[in-house]
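Since we're looking at a predicted model, the values are computed, not measured. Just so it is clear, the values below take in all heavy atoms, side chains as well, and ignore hydrogens, waters and symmetry mates.
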Amino acid sequence: PSGGSVHMVWGASGTLPVTQDEVAILYSQFRVVGSELYVKTLDDGGRVEEVAVRGVSGFWVRGEPHYLMYRDASGLVHEEEGRLAGNVLAWEEAGVTHRIETMLTLEDALGLAESLEPVR
């Protein structure tokens with residue numbers, strides 16, 4: 001996204017479930033700039049559930065594969081395939097979109113999200 005992004009990756013540790021790429025957690029943050037458009041698409045095996053994360057509305061996307069499409073500030077549309085084929089917990093807080101991709105359960109992913117420091 002044109003506002004920039006940051007990604008943090010936790011590898012296999014023996015206690016966390018991992019994706020086919022041996023990644024336990026991919027946590028991403030990005031800021032939406034201007035009139036960017038974000039669309040998450042799912043194939044037949046995917047499901048979306050609305051959830052509350054730290055008091056704000058969010059989404060739990062499970063199943064695979066899923067894709068992200070977005071329009072950048074210059075108007076170009078980009079499509080990204082799901083990198084890890086894991087479940088995704090996503091929410092926006094203080095203008096920052098948070099995304100946790102993992103094979104954790106929804107309850108564990110919510111616990112992880114709740115443990116994060118708020119954006120300042």
Side-chain angles (χ1 to χ4, degrees):
S2 59
S5 62
V6 62
H7 307 278
M8 293 165 262
V9 179
W10 284 259
S13 69
T15 59
L16 294 171
V18 296
T19 66
Q20 62 194 19
D21 296 327
E22 297 295 314
V23 172
I25 298 168
L26 170 63
Y27 173 61
S28 305
Q29 287 184 351
F30 55 92
R31 189 173 299 277
V32 176
V33 175
S35 62
E36 291 175 317
L37 168 71
Y38 291 86
V39 177
K40 188 74 161 178
T41 60
L42 305 170
D43 283 349
D44 290 340
R47 299 288 179 261
V48 178
E49 177 181 347
E50 190 170 356
V51 296
V53 182
R54 297 159 54 105
V56 298
S57 181
F59 296 95
W60 175 245
V61 181
R62 60 186 170 88
E64 54 181 279
H66 44 267
Y67 311 91
L68 173 67
M69 275 187 4
Y70 64 93
R71 181 176 50 227
D72 67 21
S74 68
L76 294 174
V77 175
H78 304 270
E79 182 173 350
E80 295 181 1
E81 293 187 20
R83 288 178 288 272
L84 304 177
N87 301 320
V88 173
L89 178 63
W91 72 100
E92 182 184 339
E93 186 175 11
V96 175
T97 298
H98 300 263
R99 181 181 183 278
I100 297 173
E101 187 164 355
T102 183
M103 295 304 292
L104 291 171
T105 65
L106 171 58
E107 292 75 21
D108 288 340
L110 285 168
L112 176 60
E114 295 287 339
S115 74
L116 299 171
E117 288 291 321
V119 175
R120 299 182 199 279

side-chain contact (heavy atoms from CB on, under 4.5 Å), that's the test. Do Tyr27 and Leu112 meet it? Break it down for me. CA-CA 10 Å; Tyr27 173 61; Leu112 176 60; over 6 Å; no

Got a donor-acceptor contact below 3.5 angstrom from the Ser28 side chain to the His7 backbone? no

Looking at Arg54, is its backbone amide N or carbonyl O close enough to the side chain of Glu114 to form a donor-acceptor pair, meaning the two atoms are under 3.5 Å apart? yes

Might you point out which heavy atoms bring [X] and [Y] nearest each other, and give the distance in Å?
{"X": "Leu89", "Y": "Trp60", "result": "CB-CE3, 3.8 Å"}
{"X": "Ala24", "Y": "Gly11", "result": "CB-O, 3.6 Å"}
{"X": "Leu110", "Y": "Ala52", "result": "CD2-O, 3.6 Å"}
{"X": "His98", "Y": "Gln29", "result": "CE1-NE2, 3.4 Å"}
{"X": "Ala113", "Y": "Trp91", "result": "CB-CH2, 3.5 Å"}

OG1/Thr102 to CG/Asn87 distance, rounded to the nearest 0.5 angstrom? 7.5 Å

Atom pair CZ (Arg99) and CZ (Phe59), whose distance is rounded to the nearest 0.5 Å: 14.5 Å

Side-chain heavy atoms under 4.5 angstrom apart, residues restricted to Ile, Leu, Val, Met, Phe, Trp, Tyr: same cluster for Met8 and Leu104? yes

